[in-house]
Amino acid sequence: MSNFLAEVLHAKENATIDELNEILRTLGSKISQLKHNVVQSLHSTFVLYDTDVDRVVEWYTQILDAKEQTEKLENQLGEDKQILHSANEDLEQINCELGQCQASIVLLKSLVDIVKNLERADPADYYNAARLIKESEDELSSIAGSFRNAEDHIWVKQLRARFSDLVVDVYDKCRKEWGALFRFDTNSLTIYPHAANIDQLITSLRNIKSFNRVWEKFVNMLWQELFKPACSTEFKIEVCESNTGLKYEADDVPTRERDSFIGETSFLHVNDVQDKERDNIVIRAKKLDKPFSNAAELFGNLTELITGINSVFCENQTEMTNLANVIAPKICNELANKYLKTLILQKCGGDIEIARADVAHMKKFVRYLEDEMNFHFPEPNIFQDIEDNFDSLFKSQVREALVVKLRDLIKSDVHNTDEINYEGVPNSKLSADEIILLRKNPALFPRCVVSKSIAVLVQLLKEHMKQYPKDVGMSASVLSLYLALVKIPKHEADAGELVPLTSVLIHNNSLFLAHHAGYTFELCDDLVPDLRGKASQAIAFMMRSVRSKLNELISTAMSSIEERVDRGIDITHDFLVITAELKRLNTVMTGVLPPLSWHDILATLVDHTLNEMCSKVLAWDDIPANSASELASAFTQFAVATSSLFKGDASSPREVEALTARAVKKWQRFKLLSFVLTASMKEIESKWVGGCGPLAIEYSAEEVRRLVRALFQNTDRRAAFLATIK
Amino acid sequence: MASSDEILTTLKILIIGQSGVGKSSLLLRFTDDIFDPDQPATIGVDFKVKTLSIDGNLVKLAIWDTAGQERFRTLTPSYYRGAQGAILVYDVSSRASFERLEPWLQELNTYATKSNIVKMLVGNKIDKDRVVTREEGLQFARRHSMLFIEASAKSKEGVQCAFEELVQKVIQTPGLWESDNRQGFSLQRGGEEAASESWCSC
């Protein structure tokens, strides 16, 4: 055991805590083994002596002591271990602080470098200044994350402010240099290639991160002053070289305030280049007196312009690509919206070969720009669209142009008229074949007047159908358009400028179109009823309008007759005013409508007039003799004057009378009323003849009795006479 | 002149036919016993009244003479309304006037409101050289159930007889005039067959 203890003590002096622990664990196992051996030996011996017991007890006591000593040692070792651990932590902290010091030294060095760079950066030497700024900026950005406390941030901010000031100065210088290179004016750009090194300028602007701003402004100015005009047909692009230096006074150059850095600046006034001889390139969009109509000229304009710009940026392919990226979509958009289709598809006047030649030219133009100028258009673009869909676009353009033209015709003045007379060959604009065809036509259109615009419309449609026989929907579209555009108000109050003559012309136009819809154009049969309906609406409106006017005149003529007669006023005049109105209408309408149609319409209007007059007289309860006499006289004069409207080739008044009676249904009724107004009861009876006479044809027994009551006094004789009228 | 009380009834008679066949001359001869060789063409419509005694009864005739010329014709359906008798006239010296009878008869049948209207065919101008035989006229009349007579307004022959025969036939036709007549009346009438088959040959 003593050996064990000695071993432990020895280990305590030389070994580490861990080694000591290990020794203690080995020792523990050795003691256990020893105990085991002792027990084994006890069992093998069989005899236990007191001495042995004493020895064992002694050993045991020694072991307990040793164990106690060991525990003490172990506790002491634990305390030592804690002390050692604490020392290690202190050491690590010191090491960490040393590392931080080292980083701060590096950071400080970087800052010193940045400051040195900034001090060296001279805005006058913008190229180097911009390079130094960029390096410093990069450096500062790389160490920016190292600053953690607020104090650091303050001086980093100050440093950045210094950066900004410097950038402003360099930008100012670059901007002036750029202005010396490119001078914009209204629709012109003058380039001074030797005014500055464009590569250095671009690099410098990139280094101070201001290139995009300058470039965008430059591209915008290019678009506004040159490319946009170049996309129109009203400008001609001219590119010329000149060695005439432009002179600018130093005072002309504006001084930019520092805080206006972000603000708008103009290239127009920026030029501090002193006058000297230079080879200038002038690109100008010259306004033309008359717009050109050739697509080739448009492509020539754009080619000239892009070539001119490319001559400056030929070494800077990136910039040309950027320029194309911005400008090319705008060109496509501008051309798509306005000019290209117009030039290629419209200006060819419907000649597809001309349009095809223009498309070929367009393809060459696009290829040239892409191959030679590195100027690519976005995909898809208007050029591809036109090329790929030329046939359908051309046809659709032709249709569109025709529809626009026909729409204008539909909306044009209807009073500019043309006579339709298919029967008179010499005056007709139709071919002999067409006339023969129409003569065979069971529904030959009658002689009348239609609006010239509608006649032209039909002609244009015919030509279109001849050229594009498969475009069967065109006619229907145009006729539908006509139906939609031509409006007939339902109420006279909404008539506006729609006078009776206009209505009649619309009627004729509609029937003319209905005629062609039925016999000339294909697939338009469905529209015939609508067109005829439109014609009916128009004529009905005219009739309503004229009737309304006539009613007013009739009311004027037949009001207060008794009073006017008593005052000796001639009542005939007012009736002749009605005739005058009918005659005026006849003058206006004769020849406009087909003769037979107008004859019938006039007869209907006269019929309406007479019916109104008869109705008013029949409504009167009492007609004094002198009023009846004056009224009969007025009626007779009115009848004579009005019947002249229907006289035709009649030679005698009786013939005129007969023709009028034949045309106007109520004529005899009116004439008989005139007769009755001044007739005796016997004369009335001679016309009644037991219900078999002329009076009975036009008047019912009740109407005759009513007239007799109004005209004659209530006497036995009148009563007897009334009794015979049954 | 007969008073209205003595008039048995008033009958409406139409005279129709081609232009120039002598309709107005027949009427003038019947009503006024006049013949005008230069009678102008009727324009529109003429109307005359004549009172006739039939079997002792007075009948007032309202006779409508219409224009034959198409351009002056105003004979609208209303003129046909209520007619009890119609005289269809042709010129025996004009084949064309005979051949144009059909359309006139068609118009009469179309517009006459009384279905049993009495129709009489009169071949006028028998004083002239005829081109239409009596037999032809007779056959046409038979074919269309018409009374038939040949007459001359110029020589008066057959004129009075034609009107009297027509009126008598109207009077004998039941339901044709009684509704318009407000007096009791009795007339010796032949049978139905006699009415439809008879024609005057005087």
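Everything numeric in this text was worked out from a predicted model, so none of it was measured. Just so it is clear: chains get the letters A, B, ... in the order the sequence lines come, proteins before strands, and each one is counted from 1.
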Inset, instruction - Supply the atom-to-atom distance A:Gln668 CD to B:Tyr79 OH, rounded to the nearest 0.5 angstrom. - result: 4.0 Å
Legend entry - Residue pair A:Arg654 / B:Val45: nearest heavy atoms and the distance that separates them: NH2-O, 4.4 Å
Inset, instruction - Answer with side chain, backbone, both or neither: which region of B:Leu11 has an atom nearer than 4.5 Å to a non-hydrogen atom of chain A? - result: backbone
Inset, instruction - With the side chain counted from C-beta on, respond yes when A:Val689 and B:Lys60 share a heavy-atom pair under 4.5 Å apart, and no when they do not. - result: yes
Legend entry - More than 12 heavy atoms of other groups within 6.0 Å of A:Asp716 CG: no
Legend entry - Side chain to side chain, B:Ile43 and A:Ser652, heavy atoms closer than 4.5 Å: yes
Inset, instruction - Taking atom CG of B:Asp33 as the centre, report whether more than 12 heavy atoms of other residues, nucleotides or ligands fall under 6.0 Å from it. - result: yes
Inset, instruction - Count the heavy atoms belonging to other residues, nucleotides or ligands that lie under 6.0 Å from CZ of A:Arg705, then report whether that count exceeds 12. - result: yes
Inset, instruction - Check whether more than 12 heavy atoms from other residues, nucleotides or ligands sit under 6.0 Å from atom CZ of A:Arg717, and answer yes or no. - result: no
Legend entry - Over 12 non-hydrogen atoms of neighbours within 6.0 angstrom of NZ in A:Lys665: no
Legend entry - Where A:Ile697 and B:Arg81 come nearest, the two heavy atoms and their spacing: O-NH1, 3.9 Å
Legend entry - Test item: B:Trp64 side-chain N/O and A:Gly693 main-chain N/O as donor-acceptor pair under 3.5 Å: no
